[in-house]
Amino acid sequence: MNIGIITSTIVAGILILILAVTNLNIQSSAQELVISQMKQVQTTAVSDIISNDFSKIGYASIGDIDSAITSANSTSITFYSNLDNSGDNSIEKVTWEFLTTEIATTDNPNDKVLRRSVNGDVTDIEIGVVDFEIRYYSSFGSTTPMVTPISSANLATIRQIEVEVTLQSSENISSINNNTPTYVQNTWVKRFTPRNLTSNF
Amino acid sequence: MNDYTDLFMVIGAMVLVSILTQNANKANIINKTISIEGQYEVAATAIAQDIIDEARIVAFDEETVSGFVPVNIPAGFTAIGLEEANPGNSRVVFDDFDDYDGWKETITNSMGDFEVSVEVFYIVKSTNLKTTSKSTLKKMEVSVQNKFLVESNSNQLKTYKFSLIRSYYAD
């Protein structure tokens, strides 16, 4: 067989292989980018709801709420607020809770249900939340969170609440040469200073 | 045609494939950089918003902390800056809006370290420009930097600035 044909075949094979790998990488990158953008949109959606609720802790359009926060744990919180700013000053009982219930409909084994409850009306957020942490601080700018669960005696001393939410993609995006499951992740952290928690001045 | 024709064709093909691969890799890197930058920009915004939210709750001026108002407004307001001693550079002692002036800290969260600095100053009502005279308007500028947020084509850190104008009469 002609040595030139053999060499050409080998070189052509290498080139086709390089093109195939490059094509796969481009597809993988595009897929990751799309999923990442979707996750960012979903993270923004969750953060908008959290921001709406947590900023209004203890809010009443008329008068004050004595015990704005009734329970505070590292993955759950219950508080009172006139959430919808209703004219009749009806106060809603709001609960945020990160359940241990795994979402069975996705490939990701880490995502769980984030539950928001307003006066018993339950909304389960099932868009890939893998972590939901709440940290409580008794003074502005403090770097040492209060020990959770917060005892009922210390609930009134909460001044700031830091919420950290981590979302992951439902789909595994690990590449062909990596068997470890990999998910696109997005984290949002915000420390709230609800105006209606008694100020420390 | 000479004996080197095949060789030239192979070299040409390799060059074309190399250029294609290089461009594809470059596009991948740009995509990932944009994606990561987006996440860090959200985090930087959240941190600046935290400081601004906090500063909105404290009194407008040291003279109004107790709930009383100065006789002469705005001449009765204090100069910009912290009145109390603050050896630990902690926000715990801040009790009025301009106490945040000059405050700097590295805030660390799960996204990493963010360098935060704050400037507060009086502004002219008609122009919103900085003034050394006292007025009923104070402006806060929060600057946030992170090592992953750099200017394009350089290693210089980007500074994200967020501002709030607070009016004494709006309190």
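First the proteins, then the strands, lettered A, B, ... as listed; each starts at 1. In what follows, every heavy atom counts, from backbone to side chain, and hydrogens, waters and symmetry copies are set aside.
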Asks: Please tell me if the side chains of N186(A) and Q39(B) come closer than 4.5 Å, counting only heavy atoms from C-beta onward.
Replies: yes
Asks: Of the backbone (N, CA, C, O) and the side chain (C-beta and beyond), which part of Q185(A) lies under 4.5 Å from a heavy atom of chain B, both, or neither?
Replies: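 Q185(A) touches chain B through backbone heavy atoms alone.
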Asks: Grab the two heavy atoms, one from E164(A) and one from S110(B), that are nearest each other, plus how far apart they are.
Replies: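 Looking at all heavy atoms of both residues, the shortest contact is OE2-OG, 2.7 Å.
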Asks: Is D50(B) reaching over with its side chain to a backbone N or O of R191(A), donor-acceptor style, under 3.5 angstrom?
Replies: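 Yes, because the side chain of D50(B) sits within donor-acceptor range (under 3.5 Å) of the backbone of R191(A).
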Asks: Search all heavy atoms of N28(B) against all heavy atoms of I26(A) and return the closest pair with its distance.
Replies: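 Reported closest heavy-atom pair: OD1-CA, 4.2 Å.
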Asks: Considering only heavy atoms, which portion of E162(A) lies under 4.5 Å from any heavy atom of chain B: side chain, backbone, both, or neither?
Replies: neither
Asks: Using non-hydrogen atoms only, which part of V189(A) is less than 4.5 Å away from chain B: side chain, backbone, both, or neither?
Replies: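 Both parts, backbone and side chain.
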Asks: At their closest point, which heavy atom of I57(B) faces which heavy atom of F140(A), and how far apart are they?
Replies: CG2-CZ, 4.3 Å
Asks: Report which part of N109(B) has an atom under 4.5 Å of a heavy atom belonging to chain A: side chain, backbone, both, or neither.
Replies: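 It is the side chain, since no backbone atom gets that close.
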Asks: Select all residues of residues 123-142 of chain B having any heavy atom within less than 4.5 Å of some heavy atom of chain A, and report them by number, or 'none'.
Replies: none
Asks: Looking only at heavy atoms, what is the nearest atom pair of V17(B) and L15(A), with distance?
Replies: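 Looking at all heavy atoms of both residues, the closest pair is CG2-CD2, 3.7 Å.
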Asks: Select one option (side chain, backbone, both, neither) describing which atoms of Q160(A) are under 4.5 Å from chain B's heavy atoms.
Replies: side chain
Asks: For the side chain of Q40(A) and the backbone of S35(B), is there at least one donor-acceptor N/O pair under 3.5 Å apart?
Replies: yes
